[in-house]
Structures are given as C-alpha cells and as structure tokens.
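What follows is a set of notes on a single structure, which appears directly below.
Throughout, a chain's letter reflects where its sequence line sits, starting with A, and its residues are numbered from 1.
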Amino acid sequence: MEDCSFRPSTDSLDDPPNSRLFLVISKSITEDVIRENFSVFGEIQDIWMVKDKQTKESKGVSFVKFAKSSQACAAMEDMHGKCLAEGTKPIKVFMAQSRSSGSHRDVEDEELTRIFVMIPKTFTEDDLKETFKEYGDIEYCIIIKNKTTGESKGLGYVRYHKPSQAATAIENCDKTFRAIIAEPRTKNSGADNDYFSNARAEHVAGDPGMSGYPFADASNYGMADGRGSDIITRCLMVSSRASVTQEQVYGLFDLIPGMDYCEMQRDPYGFNKGQAMIRYNNLGSAVYAKEKLNGFEYPPGNRLVVAYIDDGEDRSSPVGKMAMQLVAAQMMSMVWNGPSGPQLMKTSAGFSAPSVPQMARVQTDVALPPLKKLAPSDSWVKERLFVVFNPAPLPVDVLEDVFCRFGSLVEVYLVPGRNVGYMKYAERKNANDAMAALHGKVVNGVKLKVMLADPPKEESHKRQRTY
DNA sequence: CGACGGGACGC
DNA sequence: CGACGGGACGC
C-alpha cells in the first residue's frame with residue numbers, strides 16, 4: 001500500500017510543503033551519519049547526497065525529505081549549527097526551496113512562523129489565540145478587518161515563535177480553518193487597492209444569504225465610477241428577496257433616529273423591485289443603520305442587504321474622505337461599546353409581526369412549512385443534502401426559501417456549471433425532514449432529487465468530519 | 001444518473 | 001560560501 005521511497009517523476013512540488021531540508025555539511029559526512037542524526041525527528045522518506053558526477057565525491061550538500069513538515073522543522077531547529085563528526089564544521093540546515101520555485105535563496109525561518117487561517121466572522125483575536133495556542137507560543141494574532149467598518153473578513157494570521165509550531169498547527173488544527181503558511185507581508189500580492197474589496201466581501205463567499213443576489217451588481221449604484229464601494233453616505237439602499245412594503249421598511253429604518261426619506265423602488269411597470277432607498281439627515285445614523293440592519297433577518301429567514309449609495313455629495317477631497325472615515329470610526333466604536341445590540345433590536349416593538357406576504361416566487365404542490373430563520377453561517381454542519389435539479393438548477397434565493405423551512409439551514413451551495421447542489425444543515429433531523437418532504441417534488445417547474453450527500457472525497461486527515 | 005467553492009495584511 | 005538523483009505502474 002505504502003509506495004516506495006522514490007518520488008513520482010511528475011513531482012514538481014514538495015509534498016507536503018516544507019517537508020524537505022537543505023543541508024550544508026562537511027564533504028566527509030556520509031548519508032548514514034545524516035540518517036542517524038535526523039531520523040529521530042520523524043519518518044525520513046528520502047536522503048539525497050549531492051555528489052560530483054565524475055568523481056562521485058560529496059559536494060557537501062544534502063537534501064533530507066521528511067513525511068511531515070513539523071518533523072522537518074523540528075530537525076532544522078535542533079540540528080542547525082551542530083557538528084556531526086569530530087573536526088568538521090557545524091552544519092547548516094534550511095528549509096529547501098520547493099523544486100518548482102527555481103530559487104536558491106535561503107528560506108528564512110521568519111517565513112515559516114506565520115500561518116493564514118479562515119475563521120468564523122464572529123471570531124475575535126482572543127478566540128484565535130485560544131484556539132491556536134495549543135500548538136505553541138503565539139507571538140501575535142491578527143484578524144483582517146474591513147478598514148472602514150471594522151467588520152471581520154473571516155481571515156486571520158497567527159504568528160508563532162518557531163517554524164515547528166506553525167507546522168504543527170497546520171497539521172493538527174481543524175481543517176475547516178484551511179491553515180497554510182502565510183505569504184510574507186512585504187510582498188504585496190497586488191490584488192488589493194481596497195477600492196472594491198468591500199463589494200467583493202459582500203457578495204462572495206461567507207454569507208449565503210447574499211450570494212447571487214442582484215444587489216451585488218455594483219454598476220447599478222455608481223460604484224463603477226472609480227470611487228469604489230467604500231464610500232460612506234447618508235443614503236442607503238436596502239434590498240429584500242421577500243416582498244416588503246414601504247411601511248415595513250419605514251418602520252424598520254425609522255427605529256434609528258434621523259431618517260428623512262424612505263421610498264420603495266419600482267420597475268418601469270410599477271412593480272415593487274424589493275428595494276428601497278433611505279436617506280438620513282446625518283452620516284452617523286446611516287452608518288449605524290447599515291451596521292445594524294445589513295444582514296438582519298426581516299422577516300425571519302430573509303436577510304436584508306443594506307449598502308451605501310452615492311448621494312451626490314462631493315467627497316472627492318482627501319480631507320473630506322478622511323473626515324468621513326473618522327465619523328465612521330467613531331460610530332463603529334459606539335456600536336460596539338454601546339448598550340444596545342442586534343438582539344435588542346430584534347425583540348423591540350415592531351418586529352413581532354411575522355405575517356409578511358411573500359412574493360409569489362415559489363410555486364409548488366408541496367405543502368411547505370412557514371419560513372424559518374437560517375442557522376448562523378458559522379454553525380457546525382451536521383448533515384448535507386445532495387440535490388439534483390432537472391432540467392436546471394433553481395436560484396439560490398429560491399432554494400434558501402424552500403429548504404430553510406425545515407429548520408437549521410446553514411448554507412446553499414450550487415456546484416458551478418452542474419445541475420446539482422448541496423444544502424447544509426446544522427441539525428440532522430431538519431435535513432431528513434427536508435429530504436422527506438421535497439424528494440421527487442417539483443418547485444417552479446424544476447424536479448428535485450434530494451438525497452443525503454456523500455462525505456467529501458478528501459484524503460483522511462487527523463480529524464474526521466462528523467457529517 | 002448527478003458530486004464538492006471560498007483566501008491576504010495600512011510599509 | 002552551498003541547490004536538485006534515481007526508476008517505472010499496468011493498460
């Protein structure tokens with residue numbers, strides 16, 4: 001079963017990354033001596049002594065491949081500077097450059113001590129530290145946040161003191177963190193002038209309630225004019241998949257003082273587009289409203305999307321922009337430190353009326369239960385349904401509407417380019433109920449096959465999936 | 001039959 | 001300074 005010691009001829013990358021060491025040693029040191037000294041750190045898969053082609057003499061260089069990066073790191077940390085035989089120079093031990101890189105620059109230990117992880121948006125830096133401290137002493141933890149609103153982007157860095165600690169964390173932490181060695185900070189990866197990062201964050205992964213939503217089309221809202229989506233204005237656009245009335249939107253946004261305008265948007269035929277424009281008489285109220293109500297479920301199960309739209313005011317001067325961001329920062333700290341939170345808002349008067357008429361958007365013979373709230377997006381997924389659509393997939397918002405009604409729906413994921421998708425549930429029973437009710441049924445003219453999903457086909461890791 | 005995404009930091 | 005070998009599954 002286990003393959004032989006040689007690597008396949010097709011290898012271009014070392015696998016796993018950072019598991020191969022580059023040794024500079026005295027020409028008199030033999031492979032056996034290296035093996036004796038290095039095998040105590042773990043499973044050695046290969047030792048290669050670089051020799052002169054003609055004379056077969058050692059060139060004083062060797063590569064040692066370990067099964068795991070943590071083993072290679074431990075060996076590097078322990079053996080660098082040691083003497084392997086009487087009268088020989090101390091050896092040098094570096095992480096080998098990956099064979100594909102072509103570079104022969106020494107890999108600095110610094111580059112091997114910082115990991116990059118995906119985390120729930122609710123994670124604080126203390127949470128990060130608590131989670132990752134079991135693998136070694138942490139120098140610091142940083143969560144990447146939107147610089148304007150301060151909200152987490154669900155990504156973080158953890159800096160350890162030693163490469164072996166970072167490697168151990170990558171190997172042993174829950175794989176949902178997708179931990180990898182972070183790219184060095186000084187080389188800016190180029191893709192980030194931050195002008196559109198906000199828009200990206202809001203309709204890319206993470207929040208299933210917004211994916212595929214027409215609101216994400218920035219061109220509708222003057223975001224394509226070069227100023228980007230990080231503008232802050234007194235004007236907001238709220239979008240809802242479920243039909244909401246002017247009165248409902250007004251009541252919701254009027255909970256925040258300072259609203260001076262609220263109007264539903266209608267298409268050329270006079271139909272409600274599920275969007276409304278709101279203007280406040282001051283920036284702070286608008287910032288607060290966006291922070292509190294973007295992603296808010298109203299009615300339960302229907303996530304509202306709230307974003308700034310250009311109010312036509314001139315904010316082109318750097319001073320004006322800075323002032324605006326200052327106001328935003330002050331509002332943010334108020335939001336975080338103040339006594340009121342989203343929970344307070346949800347239970348406040350005016351939110352208890354659950355009977356909001358739904359758009360005639362889902363047509364089916366199935367007797368559907370009422371809408372239910374989605375489970376938080378960072379919920380542990382205990383069951384997944386595999387759904388086949390015939391002839392074509394339903395839109396994500398329709399699927400959410402239908403599959404949330406059995407409870408604890410975490411996320412809908414459609415496989416791009418295929419007629420299949422996954423419904424993720426936090427509770428197994430809810431998934432089973434949905435399957436029983438919907439398998440073989442027709443929704444909006446699309447026939448559904450609804451089955452339990454097979455576990456993902458990944459290689460077995462330390463920790464097992466529990467679904 | 002019909003099968004598995006997403007990821008980067010104010011020097 | 002001190003950087004890249006060896007060998008071959010199974011249709």
Side-chain angles (χ1 to χ4, degrees), chain A residues 3-12 14 20-27 31 46-51 53 56 58-63 65 89 91-107 114-119 140-148 153-159 176-194 197 200-201 203-208 211 325 377 381 384-390 393 411-422 424 448-458 465:
Chain A
D3 53 9
C4 316
S5 54
F6 58 81
R7 313 260 78 211
S9 60
T10 52
D11 75 340
S12 51
D14 295 355
R20 194 176 60 125
L21 298 179
F22 169 57
L23 276 55
V24 181
I25 51 180
S26 163
K27 295 185 192 339
E31 176 174 333
D46 190 29
I47 297 180
W48 170 29
M49 310 295 291
V50 178
K51 296 172 183 165
K53 282 263 178 13
K56 303 285 185 66
S58 167
K59 291 168 79 169
V61 162
S62 173
F63 292 92
K65 173 68 175 70
K89 286 204 285 191
I91 66 171
K92 298 180 200 172
V93 184
F94 301 98
M95 192 56 64
Q97 285 281 5
S98 78
R99 295 192 102 182
S100 59
S101 83
S103 167
H104 286 173
R105 173 183 63 80
D106 288 352
V107 176
R114 196 176 63 140
I115 66 172
F116 180 50
V117 293
M118 303 182 76
I119 50 180
Y140 64 82
C141 293
I142 291 285
I143 287 174
I144 301 172
K145 298 168 186 154
N146 181 309
K147 285 190 260 306
T148 309
K153 293 187 180 177
L155 299 168
Y157 296 98
V158 178
R159 170 80 75 182
T176 60
F177 288 116
R178 311 261 166 150
I180 55 173
I181 290 291
E183 292 297 321
R185 188 163 54 90
T186 46
K187 271 185 213 149
N188 206 352
S189 49
D192 195 45
N193 59 15
D194 210 66
S197 65
R200 244 185 277 126
H203 74 270
V204 178
D207 198 338
S211 55
Q325 291 179 348
S377 57
V381 174
R384 300 188 309 161
L385 298 178
F386 177 58
V387 181
V388 183
F389 307 96
N390 197 342
E411 191 191 4
V412 171
Y413 172 61
L414 291 179
V415 178
R418 322 230 70 135
N419 292 335
V420 302
Y422 298 90
K424 305 182 185 180
L448 306 180
K449 285 188 189 176
V450 184
M451 293 150 281
L452 293 181
D454 294 334
K457 60 165 167 87
E458 302 164 49
R465 292 233 174 184

Please confirm whether the backbone N or O of A:I142 pairs with a side-chain atom of A:R159, one donor and one acceptor, at under 3.5 Å? no
base_contact_polar (C:dG2 base, A:K92 side chain, donor-acceptor, <3.5 Å): yes
Between C:dA3, B:dC1, B:dA3, which one does the side chain of A:K449 approach most closely? B:dC1
Taking atom P of B:dA8 as reference, at what distance in whole Å does atom NZ of A:K147 sit? 11 Å
Quick one: pull up CE in A:M95 and CD1 in A:I181 and give me the separation to the nearest 0.5 Å. 8.5 Å
By a 5.5 angstrom centroid cut-off and a 30 degree plane limit, is there stacking between A:F63 and C:dC4? yes
Protein-nucleotide distance (A:L385, atom CG; B:dA3, atom C1'), rounded to Å: 14 Å
Using a 4.0 Å heavy-atom cut-off across all strands, classify A:N419 as base, sugar-phosphate, or nothing. nothing
If you define the side chain from C-beta out and look only at heavy atoms, does anything of A:N390 sit under 4.5 Å from A:V388? no
Starting the side chain at C-beta, find the nucleotide from B:dC4, B:dC9, C:dG2 nearest to A:Y413. B:dC4
Hey, which of A:L414, A:V412, A:N419, A:L448 is the one that makes side-chain contact (heavy atoms from CB on, under 4.5 Å) with A:V387? A:L448
Which atoms form the tightest heavy-atom contact between A:R20 and A:R99, and what is the distance? NH2-CG, 3.2 Å
Tell whether A:R20 reaches the base of C:dC4 with its side chain through a donor-acceptor pair below 3.5 angstrom. yes
Could you give the CG-to-P distance, from A:N146 to B:dA8, as a whole number of Å? 13 Å
Please tell me which of the listed nucleotides, B:dC4, B:dA8, B:dG6, lies nearest to the side chain of A:E411? B:dG6
Taking any heavy-atom pair under 4.0 Å as a contact, classify A:V388: base, sugar-phosphate, or nothing. base
Residue A:K27, side-chain atoms from C-beta onward, closest of C:dG2, C:dG5, B:dC4: C:dG2
Using a 3.5 Å distance criterion without hydrogens, assess whether the side chain of A:S62 forms a donor-acceptor pair with backbone atoms of A:W48. yes
Counting the atoms with a prime plus P, OP1 and OP2 as sugar-phosphate, which does A:I142 contact under 4.0 Å by heavy atoms, base, sugar-phosphate, or nothing? nothing
Under the 3.5 Å rule, do the base of B:dC9 and the side chain of A:R159 count as making a donor-acceptor pair? no
Measure from the side-chain heavy atoms of A:K59 and tell me the nearest of C:dA3, C:dG2, B:dC9. C:dA3
Between atom CD1 in A:I119 and atom P in B:dC9, what is the gap in whole Å? 14 Å
Counting only side-chain heavy atoms from C-beta out, which of B:dC4, C:dG2, C:dG6 sits nearest to A:D46? C:dG6
Nearest-Å distance for atom pair CG/C1', residues A:L155 and B:dG6: 9 Å
Check: B:dG2 base within 3.5 Å donor-acceptor of A:N390 side chain: no
Length of the line joining A:M95:CE and C:dC4:C1', which is rounded to integer Å: 16 Å
Does A:M451 reach a base, just sugar-phosphate, or nothing at all? Heavy atoms under 4.0 Å. base
Which class fits the ring pair A:Y422 and A:F386: parallel under 30°, tilted 30 to 60°, perpendicular over 60°? tilted
With centres under 5.5 Å and planes under 30°, do A:F22 and C:dG2 count as stacked? no
Can you tell me how far P of B:dC4 sits from CZ of A:F386, to the nearest Å? 8 Å
Among the nucleotides C:dG5, C:dC4, B:dA8, whichever has the atom closest to the side chain of A:K53 is C:dG5
Closest to the A:V61 side chain, choosing from B:dC4, C:dG6, C:dA3: C:dA3
Please confirm whether any donor atom in the side chain of A:R99 sits under 3.5 Å from an acceptor in the base of C:dG5, or the reverse. yes
Mind checking if A:I47 touches a base, just sugar-phosphate, or nothing, with heavy atoms under 4.0 Å? base
Assign A:V24 to base, sugar-phosphate, or nothing according to its heavy-atom contacts below 4.0 angstrom with the strands shown. base
Over how many whole Å does the gap from A:E31 atom CD to C:dG5 atom P extend? 15 Å
Below 4.0 angstrom from OP1 or OP2 of B:dA3, is there any side-chain N or O of A:R418? yes
Does A:V387 reach a base, just sugar-phosphate, or nothing at all? Heavy atoms under 4.0 Å. nothing
No-H, no-angle donor-acceptor pair, A:R185 side chain to B:dC11 base, under 3.5 Å: no
Looking across every strand, which nucleic acid part, if any, lies under 4.0 Å from A:I25 by heavy atom: base, sugar-phosphate, or nothing? nothing
